[in-house]
Amino acid sequence: MNKKIKLIAFLFLISFIKVFCKDNIIVFSNETYLSYQIPIGSDNITSISFEHYDLSQFQLNLECSNSKNSNSTTCFTTINDDDKKQMYGVKISYNHEKGIDRSMLPSPIVSSPFRPPTKGGELVIKGTYLTFFEKSFYQIVYPKPQYLIIDINNPKLSFDPTNVNVQFPPGCGYQLIKWENGKLYNFSYENPSISNIKITSSNIIVNGSNLCDKSYPSNITINGNLIQSSNYEKDEDSIIINYIEKYATKSKIIIETSNCTSTETNFEFKPELLTINSVPINKGGLILIDGIRLSSNPTNKNQNNITIKLGNLTCLNVISISNELISCSLSPLNKSVSNKIKSDLQVSVSINEIKNENILMYNYNIVRLNPKKYSLPNRVLQLNGDCLGNSNDTKVYLNGNEVILKDLEINYNETILSFKIPDEYQSKLNVSVKSNNVMSNEIQIDISFYVSLSNISPSTYENTNIILTLYNIKPENYNRLPTLIINEDQISITGVSLNSTSQEVHSYSFLIPVGCGIKEITIKIGSQSCLSSISYIEPIVSNCKVSGYDGKSGEIICVGNFGNKNYFNQSYVLFSNNKISPPLINSTTLSFPLISEYHGDEIIFEMCEIQSKLFKLKINNSPSLKRIDVSFIKTNGCLFYIFGEFFNSNINSSVFCNDTLYQGIFENTTSISFDLQIPGPNDIICNYSFNNGMNYSDFKIEYPKPVVENISTIYSSGGDLTIYGNNFYNISNITIEVNSQLQCNNIEFINLTTITCNLPSINETIQSSIFSKKLLLKITFESKSWSGYIFQYSKDEIQNNNSKNSSDKKYNINKQNKGNGSSLSKITKLLIGILIPACIILF
């Protein structure tokens, strides 16, 4: 017991706030107690008086005592909530006459959050002993002296020293305040808070609150890296950080100002899409997307999962060429599917689950000329663009007029168009084309100055001299030497003049360094310039053969001229709709595995996007369709399968249902599946396309009919009916009928096996005819229904109904009782249950 008393006394004492004041008087206080420890010989404090503004008085009376062998007296009083609200005034005295020194006042006890906003302003502070004067202030002594005014709108109104309004100046971080009794108290302005983050091409804009103005420097860390103060600007609500992130990444930011720290905030540097080309819908082709942050950080080697979707279409074979360019392949669509494809398909790029936010739309068959990508060798104009058609049907317009061109050439992918410029056009040329009755944009080209190239292609092994002839050189440039600039590498090469009979048309030699691919070049001489291109020597596939193929695996071996080994990392074999990096390759031989998913096709070797001539290799393992199957049809859809042989993951197969395109999932070399999540109940006709339209046809999804297995008990008075079964549909158009007469109302779908409704009471005139038999129940979900004789009213009600029709009810009851001695009616049982306990209570 003594131990408990000591523990309580100890906890009570440490709960006091201890204040030392003048004359060695010590003040102890908490929210319920005020005590003074006064040295022997000094005046005891027996009362403290507070004179209010309205001249009313409030007095605290204290009891004083001194313990044995003590050199001090303790004067104390308890403090209740009403006392706290009266402890203030324009004049405070003790023992009725003596003015109290401020140091003898207890220190404030703050019970509410003491975190003013960094912009300053009014803050309501709650607690005990917050102020003892109706006109008062607190003083900030660190980091710089300032006064905090305690706001009193009208002193004549009631004043509550436990709930005061304090006007705070703008500030930041930790502060030190001096109370009215001279004691110190530390507090802090609000921590920085981040509400949103916006990313631009060169900045991170952080919006929030309590960020502190620019007079308070901040430590800003992004992914653990400290941002230099010269790289950001700030005010109380926002910080603009000069920061460029080249890659799509997930990041974290923390802001710390004056030792106050924000919570760690996650944000993303998302891909930003700028432009996209277009391809013919019946051919498909290479999609190129220009933008910002179109790749993951190369240091993150273990994760580079990139997907591209155009509406519901998945773009295959995604390659992040650079952080500003990404490519993928769209498969051709057959006519039955392409007719259902809508325009303005929204482009979605996801890089390691980081998706673009800005909106870019894609459309098939957009005819476009690229104004920045063309060449003019030998007055042959080569234009790059999208959906340029074919040489038989595409129309070319020069300076607004249609021109018949016999040498017009357009590649299969409809991306390159070329023709010899007719002689009558000598200066600026406005060019546009029309393909499939769609007009392209118009571009302007200066053809007054052009070049022709020799037939020698630069080598991938050694520096090569090529000869360029310049036409229509202006007289002021006759004695100048031209410069050839390889645009991609910004390499400048000065030409060497060759013997020529004309200064207006002059030939020059240029030493082209080792390289690879097609290089766009600019030729300049004085004030004249033009665009052209040079193509390094193309690789050659001389022969290919199959080795060791057993129907499942083998090897393809090719011989030829495959170029410089330094460019093998930019080399691929194009085979069976696959882009294969050959594991074994040298300048004359390459090989790669042959697997069952591959089928006979043309082999092309590509180095730096320059392709060899094709080599035809026939392998008898082309994908073939054997049968289709619609399986596991449920109320919310089904699985659709295509079965066959020699399937591979690059086979493009699709299903079109209800204006929605579904892409196939490659299961294995013999099956492709489709998860068709299409709710019933109405049967639908879908269309499938296999292997880019090699096989296509319609198929039907027939949804299952509902089945009723049981119902809940119900009486003739009606009420809630629960129906149990299978294949119920969650639609609004449901009807439930009983005996072709009663309609169930307030129908509610619970799940696939349960449905409820409210059945009205039946007409008394037909009651007798329905109790003795099961009735027809019919439930209809639009085009699907079930009916059967499963409905019956409660058996108890049937028994009662039969008893009513009996001629001698009493005889029947007695007879039953004699038979088994225990058969009592419900009413009899109820009366016994009430009367017997009542009798027991009486006695």
Side-chain angles (χ1 to χ4, degrees), residues 277 279 285-288 317 319 321-322 325 327-329 370 373-378 380-385 388 409-418 451-468 484-489 491 493 510-522 531-544 558-582 585-590 592 601-617:
N277 64 317
V279 298
L286 185 68
I287 292 294
L288 294 172
N317 304 320
I319 299 174
I321 299 171
S322 71
L325 182 63
S327 70
C328 61
S329 300
N370 189 337
K373 195 170 183 180
Y374 66 88
S375 62
L376 189 61
N378 307 327
V380 174
L381 181 60
Q382 294 180 352
L383 300 173
N384 291 72
L388 300 179
E409 294 184 2
I410 300 174
N411 68 340
Y412 174 80
N413 292 328
E414 304 184 22
T415 57
I416 300 175
L417 176 150
S418 66
V451 301
S452 65
L453 285 72
S454 63
N455 294 327
I456 299 174
S457 294
S459 171
T460 62
Y461 295 101
E462 58 187 1
N463 297 344
T464 308
N465 274 303
I466 65 171
I467 298 173
L468 272 67
L484 182 153
I485 302 171
I486 300 178
N487 297 338
E488 179 183 340
D489 306 316
I491 297 174
I493 305 165
F510 297 86
L511 185 62
I512 305 300
V514 172
C516 184
I518 299 174
K519 303 290 186 181
E520 295 178 3
I521 61 174
T522 301
L531 297 176
S532 189
S533 62
I534 55 174
S535 297
Y536 283 83
I537 191 168
E538 71 179 33
I540 298 172
V541 179
S542 302
N543 191 23
C544 293
C558 298
V559 295
N561 184 353
F562 304 125
N564 191 327
K565 65 180 182 180
N566 294 329
Y567 303 106
F568 287 165
N569 61 344
Q570 301 179 57
S571 300
Y572 304 93
V573 173
L574 306 179
F575 176 69
S576 189
N577 293 327
N578 286 272
K579 198 171 189 178
I580 305 165
S581 296
I585 182 173
N586 58 40
S587 60
T588 59
T589 306
L590 66 83
F592 59 95
D601 205 349
E602 301 163 345
I603 289 182
I604 296 174
F605 181 75
E606 178 180 289
M607 173 178 279
C608 306
E609 299 184 0
I610 291 185
Q611 296 181 354
S612 69
K613 293 180 174 61
L614 64 90
F615 182 87
K616 197 78 172 180
L617 180 68

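Every heavy atom of this structure was used, including side-chain atoms; hydrogens, water molecules and symmetry mates were not. Since the structure is predicted, the reported quantities are computational estimates derived from the model, not experimental observations. We count residues from 1, following the sequence as given.
Distance alone, capped at 3.5 Å, is enough to place a donor-acceptor pair between the Asn564 side chain and the Thr460 backbone.
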### Task
Begin with the C-alpha distance, continue with both residues' side-chain angles, and end with the deciding distance and a verdict on side-chain hydrogen bond (donor to acceptor under 3.5 Å, both in side chains) for Asn561 and Ser587.
CA-CA 6 Å; Asn561 184 353; Ser587 60; over 6 Å; no
### Query
Do Ile521 and Ile485 pass the side chain to side chain contact (heavy atoms under 4.5 Å, CB included) test, and can you show the C-alpha distance, the side-chain angles, and the key distance before you say yes or no?
CA-CA 5 Å; Ile521 61 174; Ile485 302 171; over 6 Å; no
### Query
Please walk me through it: do Ser612 and Glu538 pass side-chain hydrogen bond (donor to acceptor under 3.5 Å, both in side chains)?
CA-CA 6 Å; Ser612 69; Glu538 71 179 33; over 6 Å; no
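Contact of the Tyr374 side chain with the Ile416 side chain is not registered, since no non-hydrogen atoms from C-beta on lie closer than 4.5 Å. Looking only at side-chain heavy atoms (C-beta outward), Asn463 and Val514 come within less than 4.5 Å of each other.
Within 6.0 Å of CD in Gln611 there are more than 12 heavy atoms belonging to other residues, nucleotides or ligands. The environment of Ile456 atom CD1 is sparse: at most 12 non-hydrogen atoms of other residues, nucleotides or ligands sit within 6.0 angstrom.
Looking only at atom types and distance, the side chain of Asn569 has no donor-acceptor partner in the side chain of Ser571 under 3.5 Å away.
The OH atom of Tyr536 sits 7.0 Å away from atom OH of Tyr567, with the distance rounded to the nearest 0.5 Å. To the nearest 0.5 Å, the span separating CD1 on Ile604 from CZ on Phe615 amounts to 12.5 Å.
Of the residues listed (Leu590, Val541, Asn543), the one engaging Val559 in a side chain to side chain contact (heavy atoms under 4.5 Å, CB included) is Asn543, and it is the only one.
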